[in-house]
Number of protein chains: 2
Amino acid sequence: MKTNLEGITNKLKDNNIRLSHQRLKVLEYLDRHRIHPTVEQIYHGLNEEIPTLSKTTIYNTLNKLIEAGLVKVITIEDNEARYDINTDFHGHFKCRTCEKGLDGFRIYTRDMYFSGICPRCSEQEKCKDS
Amino acid sequence: MKTNLEGITNKLKDNNIRLSHQRLKVLEYLDRHRIHPTVEQIYHGLNEEIPTLSKTTIYNTLNKLIEAGLVKVITIEDNEARYDINTDFHGHFKCRTCEKGLDGFRIYTRDMYFSGICPRCSEQEKCKDS
DNA sequence: TGCTTACTTGTAATCATTTCAATTTTATTA
DNA sequence: TAATAAAATTGAAATGATTACAAGTAAGCA
Ligand SMILES: [Mn+2]
Ligand SMILES: [Mn+2]
Ligand SMILES: [Zn+2]
Ligand SMILES: [Zn+2]
């Protein structure tokens, strides 16, 4: 549940991702606001502290972090992505009435998405190795 | 696996959804093309048969069918929705390499989304009943 | 057949996300 | 510390999926 920000910055170094002020602030925001925030929420949340912050930077940062496996994108909303610093395997729930994400619920729909590599592409990878 | 189109049209009647030419064609397309098509694919697939068909109608139709529980939307793509006439609970897989949805795979990411009603809203529902 | 209501259509609007080029910052080296 | 190259930030503009809207059309019913 608790993310080690120091550990994350080390991972950034490992992935050759520069430790810019903006990136660290976005990470810190995700760590302190465990509500699967949208880009809009991150933007407004950091606006006071960094008035010059651009939404483009937030998008760039999040995409970098996703690429490095440090953040996960949640597509439970139909029109807006949400972001999660908790990359452990866990489900997400959205209430049909209040539209909040909460614990303890009556479930009506379940969706499971997997991403990986199919047998055909696995086979082609083997060929490359030899 | 096999969908009974006759059964579906009966469900449409039950839900007071009119059996328009366009709606039946969209349903037929979803039934015959079990590839979780996008709106774009449905549009081009039906274009020859119904040259006047509008994308807006496809969106309207799909939203109506989703509302009635006859179709499910799949948000595994980051930028474009896909649609499934199979409403049974089942997972979806996307290959990272060829980007196709297939069977038999090595899994790297798993995502579970639930939708339902939270305890708070459940409680309020009870109050309405009495 | 005629009536009412809901559906279809094309265009325009919306809005999350990406592209782009100029400026700034980071990390490195002297 | 200063110089440098590479990468990041920024804001404006572009993109593109989806929705809103208003006028024309078709479905269902008597
Ligand atoms: Mn989560
Ligand atoms: Mn499916
Ligand atoms: Zn609720
Ligand atoms: Zn593949």
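Below, chain A is the first sequence line, B the second, and so on; all start at residue 1. The analysis underlying the following values was restricted to heavy atoms, covering all of them including side chains, and did not include hydrogens, waters or symmetry mates. Just so it is clear, the model here is predicted, and its values are computed rather than measured.
Distances were taken from every side-chain heavy atom of B/Y59 (C-beta onward) to each of C/dT26, D/dA17, D/dA8; the shortest belongs to D/dA17. Of the candidates C/dT19, C/dA27, C/dT8, the closest approach to any side-chain atom of A/L19 belongs to C/dA27. Side chain of A/T56, nearest nucleotide from C/dT17, C/dT19, C/dT9: C/dT19.
Regarding B/R82, its CZ atom lies at a distance of 11 Å from the P atom of D/dT18, rounded to whole Å. If you measure from atom CD1 of B/I50 to atom P of D/dA26, you get 13 Å, rounded to the nearest angstrom. Atoms CG (A/L24) and P (C/dT25) sit 16 Å apart, rounded to a whole Å. B/I58 places its CD1 atom 11 Å from the P atom of C/dT8, with the value rounded to the nearest Å. Protein atom CD of A/E77 is 17 Å distant from nucleotide atom C1' of D/dA17, rounded to whole Å. Rounded to whole Å, the distance from CD1 on B/I42 to P on C/dT8 is 14 Å. Atom CG in A/L62 sits roughly 14 Å away from atom C1' in C/dT18 (whole-Å rounding). The CG-C1' distance, from B/N16 to C/dT4, rounds to 15 Å in whole Å.
The pair A/R120-A/E123 does not meet the salt-bridge criterion, since no charged nitrogen lies less than 4.0 angstrom from a carboxylate oxygen. A salt bridge links B/D111 with A/K72; the closest basic N to acidic carboxylate O contact falls under 4.0 Å.
Within 6.0 Å of CZ in A/R32 there are 12 or fewer heavy atoms belonging to other residues, nucleotides or ligands.
When atom types are taken as modelled, the side chain of B/R34 and the backbone of B/D31 share a donor-acceptor pair closer than 3.5 angstrom.
Nearest-nucleotide positions on DNA chain C place B/N60 closer to the 5' end than the other of A/N60 and B/N60. Comparing B/S20 and A/T57 by the nucleotide of DNA chain D that holds the closest heavy atom to each, the one mapping nearer the 5' end is A/T57. Comparing A/R18 and B/E80 against DNA chain D, the residue whose closest nucleotide sits nearer the 5' end is A/R18.
Regarding contacts with the backbone of C/dT18, a side-chain N or O of A/N63 is found under 4.0 angstrom from either OP1 or OP2. Between A/Q22 and D/dT10 there is a side-chain N or O to OP1 or OP2 distance below 4.0 Å.
Using cut-offs of 30° and 60° for the angle between ring planes, the A/Y29 and A/H33 rings count as parallel.
Within the nucleic acid shown, B/T52 comes within 4.0 Å of sugar-phosphate atoms alone, with no base atom in reach, counting heavy atoms only.
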